[in-house]
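What follows is a set of notes on a single structure, which appears directly below.
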Amino acid sequence: MTTVWLTIALLAVGTVLSKAAAAIVLGFHRPGERMLAVTALVAPALLTALVLYETFGAHDGEGFALDARAAGLGVAVVALLARAPMGAVILLAAAATAAVRAFS
């Protein structure tokens with residue numbers, strides 16, 4: 001088993017355990033509206049952080065890199081703002097990244 005699959009398995013188990021712990025701690029008590037609003041923002045914030053890290057992080061793990069991935073992300077943002085379907089957003093971003101890599 002590779003390190004990647006081990007990490008995925010540990011994260012899956014950790015997710016299940018944290019959900020079970022929340023159910024045990026809270027019981028039948030429903031969280032307040034403010035708490036629900038805050039927790040609804042956690043997943044998009046984490047996804048944004050991961051996308052930015054993977055886009056602008058250098059391959060050697062140190063520093064900042066501006067390469068074809070940034071062009072793909074920029075095209076994806078524009079397509080999302082134009083309310084394009086998700087499939088089109090992915091294809092446009094992949095095409096932009098491939099075009100920049102082909103011509104650089």
Side-chain angles (χ1 to χ4, degrees):
M1 182 180 261
T2 65
T3 306
V4 172
W5 285 110
L6 183 61
T7 303
I8 290 171
L10 288 173
L11 288 172
V13 169
T15 300
V16 170
L17 290 176
S18 67
K19 287 185 179 217
I24 291 169
V25 169
L26 292 176
F28 293 106
H29 175 68
R30 179 164 167 78
E33 292 300 318
R34 186 171 182 177
M35 180 61 128
L36 290 174
V38 169
T39 56
L41 297 175
V42 171
L46 283 174
L47 180 60
T48 301
L50 288 171
V51 166
L52 291 175
Y53 176 78
E54 287 298 322
T55 301
F56 297 111
H59 290 291
D60 60 4
E62 305 229 359
F64 178 80
L66 190 60
D67 57 10
R69 298 174 294 178
L73 180 62
V75 168
V77 168
V78 170
L80 286 171
L81 290 174
R83 298 195 182 268
M86 189 54 66
V89 172
I90 293 169
L91 289 175
L92 288 169
T97 302
V100 170
R101 285 184 178 162
F103 295 113
S104 62

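Residue numbers start at 1 and run along the sequence shown. Just so we're clear, the structure is a prediction, and the values are computed from it rather than from any experiment.
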* Asked: Under 4.5 Å between any side-chain heavy atoms of Val100 and Arg69, yes or no?
  -> no

What are the two closest heavy atoms between [X] and [Y], and how far apart are they?
X     : Y     : answer
Ala79 : Val89 : CB-CG2, 3.8 Å
Ala40 : Pro44 : O-CD, 3.3 Å
Ala76 : Ala93 : CB-CB, 3.9 Å
Gly57 : Ala65 : O-CB, 3.9 Å

* **Reference residue Trp5; test side-chain contact (heavy atoms from CB on, under 4.5 Å); the match among Ile8, Thr3, Thr7** =>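 Considering Ile8, Thr3, Thr7, a side-chain contact (heavy atoms from CB on, under 4.5 Å) with Trp5 is found only for Ile8.
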
* Which residue, Leu50, Leu46, Leu52, forms the side-chain contact (heavy atoms from CB on, under 4.5 Å) with Thr48? ->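 Among Leu50, Leu46, Leu52, the one meeting side-chain contact (heavy atoms from CB on, under 4.5 Å) with Thr48 is Leu52.
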
* Asked: Got more than 12 heavy atoms from elsewhere within 6.0 Å of CZ, Phe64?
  ->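 Enclosed: over 12 neighbouring heavy atoms sit under 6.0 Å from CZ of Phe64.
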
* Co-membership, hydrophobic cluster, residues Leu66 and Val75, 4.5 Å side-chain ->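 No.
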
